[in-house]
Amino acid sequence: MKDVLVYIELIEDGVRPSSREAVSAGREIASATGGSVIALIASGEPVGVPTLDGVDRIIHVTHPALGAYTAEAHAAVLADMIAKLDPAAVMLAYTTAGLDLASAVAVTASLPLVAYCTDVTVADGALTTTSQMYGGRLEAVVRAPLPVVVSIMPGAFPEAVTTGASPEIIVQDAPKSLDALRSVFVDEQRPARGSFDLSLAERIVCIGRGIGAADSIAVARELADALNAEIAGSRPVIDQGWLEKERQVGKSGRLVKPRLYIGLGVSGAPEHLEGMRSSDLIIAVNSDAAAPIFTVAHYAAVCDMFDLVPALIERLKAGTP
Ligand SMILES: Cc1cc2nc3c(=O)[nH]c(=O)nc-3n(C[C@H](O)[C@H](O)[C@H](O)COP(=O)(O)OP(=O)(O)OC[C@H]3O[C@@H](n4cnc5c(N)ncnc54)[C@H](O)[C@@H]3O)c2cc1C
């Protein structure tokens, strides 16, 4: 009977949805090990614990160093909890923080780490999981002995639902090491913004590397204009200098949640999906039927965008459905 520990990320309005998904994955492992699902919430203030479905226990650790995120402080708390609980599995969402923490605690606790996981099965004391590598171009089926650290791909599991019982909340002291950290949060400096804010856009036409060349962007701009949408890009498009940095969607760009997102030649790497997967309606156009963006798209067009987009513009301009 070994428990499963889930690291919960807090965001401005509560719990990060991908942490709730990691709880679901943790529940699947716990039902095989016969243990409980324990959530770890680390925060700077002893504030109220947010609602968290699907867990049996919540361990809440507070310390001023846990307020603004630093990897060193949060890794210290998570490693401390692993040492205390000796869980069968440590679950994290594959996010910016998850990327930092999973590898750090795996080293500290001498546990194997399997990242980018899209499913989990436990049998004979080992975890079998599919690890989605190279932006989904390669899926490796991995078997690792328990205990193990697992980072879950956002969107691979549904958000956890209630077990029917309220979780027990336990407040625990922070480890002493938090009083003597080598990295200390000093100040947050957000990049100066012009008047343009992509995160406020209601409609976005986002181009990926599949657009091929700067000259080809004209056709995507024409579609954006016909839809009264903003044009945006994946990171390679921004890195090429084809669009301004403020138009980048994703982990190192803007988090967007428009009513309509159209992706043209965007493969759907995890870092891109992190920035747009909560959009209300996602339409993906990609010539590769196996592109990972189709896992989050509501509508998929498997074709060459240069065949589809001009025809679409023509229809929109003509006002025909
Ligand atoms: C720490 C870190 C942070 C990152 N942050 C971000 C971020 O914020 N945002 C981001 O986007 N990426 C980010 N990345 C990069 C990310 O990993 C991917 O490399 C990137 O998202 C891939 O961009 P893409 O989909 O445009 O290109 P590719 O992965 O090269 O995909 C191009 C796609 O176009 C399709 N295609 C080609 N020609 C056509 C055609 N004619 N018609 C239709 N489809 C076509 C192909 O099938 C392919 O799927 C980050 C990476 C790291 C490590």
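Note that these values count all heavy atoms, side chains included, but never hydrogens, waters or copies made by symmetry. Atoms within a ligand are numbered from 1 in the order they appear, just like the ligands themselves.
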Chemist: So, the side chain of Asp3 versus the backbone of Ala30: is there a donor-acceptor pair under 3.5 Å, distance only?
Modeler: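 Here the side-chain-to-backbone pair does not exist.
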Chemist: Quick check on contacts: which atoms of ligand 1 are under 4.0 angstrom from a heavy atom of Val266?
Modeler: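 Near Val266, meaning under 4.0 Å from one of its heavy atoms, ligand 1 has 25 (O).
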Chemist: To the nearest 0.1 Å, how far is atom 42 (N) of ligand 1 from its closest protein heavy atom, and which atom is that?
Modeler: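 Nearest neighbour among protein heavy atoms for atom 42 (N) of ligand 1, to 0.1 Å: Met305 N, 2.9 Å.
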Chemist: Cys303 heavy atoms, cut-off 4.0 Å: which ligand 1 atoms fall inside?
Modeler: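 Taking each heavy atom of Cys303 in turn, ligand 1 has 42 (N), 43 (C) under 4.0 Å.
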Chemist: Give the single entry among Asn286, Val309, Val237 that approaches atom 46 (C) of ligand 1 most closely by any heavy atom.
Modeler: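 It is Asn286 that holds the nearest heavy atom.
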Chemist: Nearest 0.5 Å please: distance from the CD1 atom of Ile238 over to the CD1 atom of Ile207.
Modeler: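 It is 7.5 Å, given to the nearest 0.5 Å.
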Chemist: Among all protein heavy atoms, pick out the one at the shortest distance from atom 25 (O) of ligand 1; state its residue, atom name and that distance to 0.1 Å.
Modeler: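 Looking at atom 25 (O) of ligand 1, the protein heavy atom closest to it is Ser267 N, 2.7 Å.
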Chemist: Are the charged groups of Asp80 and Lys84 less than 4.0 angstrom apart, N to O?
Modeler: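 Salt bridge: yes.
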Chemist: What atoms of ligand 1 come within less than 4.0 Å of a heavy atom belonging to Gly250?
Modeler: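 The atoms of ligand 1 under 4.0 Å from a heavy atom of Gly250 are 7 (C), 8 (O), 9 (N).
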Chemist: side-chain hydrogen bond (donor to acceptor under 3.5 Å, both in side chains) for Ser183 and Glu72? Distances and angles first, verdict last.
Modeler: CA-CA 7 Å; Ser183 51; Glu72 190 187 4; 2.6 Å; yes
Chemist: Relative to atom 32 (C) of ligand 1, which among Gly208, Gly268, Gly265 owns the nearest non-hydrogen atom?
Modeler: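 Among Gly208, Gly268, Gly265, the closest heavy atom to atom 32 (C) of ligand 1 comes from Gly265.
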Chemist: Mind checking whether Phe157 and Val120 have side chains closer than 4.5 Å, heavy atoms only?
Modeler: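 Touching, per the 4.5 Å side-chain cut-off.
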Chemist: Please indicate whether any nitrogen or oxygen in Pro236 is less than 3.5 Å from any nitrogen or oxygen in ligand 1.
Modeler: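 No; the residue has no nitrogen or oxygen that sits under 3.5 Å from a nitrogen or oxygen of the ligand.
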Chemist: Using heavy-atom distances, let me know which of Arg254, Arg209, Arg235 sits nearest atom 2 (C) of ligand 1.
Modeler: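 Among Arg254, Arg209, Arg235, the closest heavy atom to atom 2 (C) of ligand 1 comes from Arg235.
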Chemist: Return the residue, atom name and 0.1 Å-rounded distance of the protein heavy atom closest to atom 5 (N) of ligand 1.
Modeler: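 Here the nearest protein heavy atom works out to Ser252 OG, 2.6 Å.
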Chemist: So does Asp173 have more than 12 non-hydrogen atoms from other groups sitting under 6.0 Å from CG?
Modeler: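 Atom CG in Asp173 is not packed in, count stays at 12 or less.
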Chemist: Identify, for atom 1 (C) of ligand 1, the protein heavy atom at the shortest distance, and state residue, atom and that distance.
Modeler: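 Here the nearest protein heavy atom works out to Lys251 CD, 4.1 Å.
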Chemist: Considering distance alone, does some N or O of Ala291 sit under 3.5 Å from an N or O of ligand 1?
Modeler: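 Such a contact does not occur with ligand 1.
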Chemist: Given the rule in the salt bridge (charged side-chain N to carboxylate O under 4.0 Å, His left out) test, do Arg27 and Asp56 qualify, once you have shown the distances and angles that lead to the verdict?
Modeler: CA-CA 10 Å; Arg27 175 60 65 191; Asp56 303 302; 3.1 Å; yes
Chemist: If hydrophobic clusters are built from ILVMFWY residues whose side chains come within less than 4.5 Å, do Val4 and Val114 share one?
Modeler: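 Linked within one cluster.
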Chemist: At less than 4.0 angstrom from any non-hydrogen atom of Gly253, what atoms of ligand 1 do you find?
Modeler: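 Heavy-atom distances to Gly253 below 4.0 Å select 8 (O).
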Chemist: Looking at Ser234, which atoms of ligand 1 are within less than 4.0 Å of one of its heavy atoms?
Modeler: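 So the answer, numbered in order with elements, is 11 (O), 23 (O), 24 (P), 26 (O).
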Chemist: How far is atom 18 (C) of ligand 1 from its nearest protein heavy atom, and which residue and atom name does that atom have?
Modeler: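 Ranking protein heavy atoms by distance from atom 18 (C) of ligand 1, first comes Ala269 CB, 3.5 Å.
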Chemist: Restricting to non-hydrogen atoms, name the atom on Leu85 and the atom on Ile59 that form the minimum distance, rounded to 0.1 Å.
Modeler: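 Nearest heavy atoms, Leu85 then Ile59: CD1-CD1, 4.0 Å.
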Chemist: Do the side chain of Glu9 and the main chain of Arg16 share a donor and acceptor less than 3.5 angstrom apart?
Modeler: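 No, the answer is negative, given that no donor and acceptor are paired below the 3.5 Å cut-off.
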Chemist: Applying a 4.0 Å heavy-atom criterion (strictly less than), which segment of Gln248 is in contact with ligand 1: side chain, backbone, both, or neither?
Modeler: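 Near ligand 1, Gln248 shows its side chain, while the N, CA, C and O stay back.
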Chemist: Who gets closest to atom 43 (C) of ligand 1 by heavy atom: Ser287, Ala289, Ala232?
Modeler: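 Nearest heavy atom to atom 43 (C) of ligand 1 lies in Ser287.
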Chemist: Among protein heavy atoms, which lies nearest atom 37 (C) of ligand 1, and at what distance?
Modeler: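 Checking every protein heavy atom, the shortest distance to atom 37 (C) of ligand 1 gives Gly210 CA, 3.4 Å.
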Chemist: Classify the angle between the aromatic ring planes of Tyr69 and His74 as parallel (below 30°), tilted (30 to 60°) or perpendicular (above 60°).
Modeler: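 Ring orientation, 0 to 90° scale: tilted.
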Chemist: For Asp86, is there an ion pair with Lys2 - N to carboxylate O distance below 4.0 angstrom?
Modeler: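 Result for this pair is yes, salt bridge flagged.
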Chemist: Give the contacting part of Pro270 toward ligand 1: side chain, backbone, both or neither, where contact means a heavy-atom distance below 4.0 Å.
Modeler: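 No part of Pro270 comes within reach of ligand 1.
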Chemist: Can you check which of Met276, Gln240, His272 brings a heavy atom nearest to atom 11 (O) of ligand 1?
Modeler: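 Shortest heavy-atom distance from atom 11 (O) of ligand 1: His272.
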Chemist: Are the side chain of His298 and the backbone N or O of Ile282 linked by a donor-acceptor pair below 3.5 Å?
Modeler: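 Present.
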Chemist: When you measure from the side chain of Arg203 to the backbone of Leu227, do you find a donor-acceptor pair of N or O atoms at a distance under 3.5 Å?
Modeler: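 Judged by distance alone, yes, a pair lies under 3.5 Å.
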Chemist: Below the 3.5 angstrom mark, is there an N/O of Val249, backbone or side chain, next to an N/O of ligand 1?
Modeler: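 Min N/O separation from ligand 1 is below 3.5 Å for Val249.
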Chemist: Provide, to 0.1 Å, the distance between atom 41 (N) of ligand 1 and the closest protein heavy atom, together with that atom's residue and name.
Modeler: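 Answer for atom 41 (N) of ligand 1: Asp304 OD1, 3.1 Å.
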Chemist: Quick test: of every protein heavy atom, which one is nearest to atom 53 (C) of ligand 1, and how far off is it to 0.1 Å?
Modeler: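 Here the closest protein heavy atom is Glu271 OE2, 4.0 Å.
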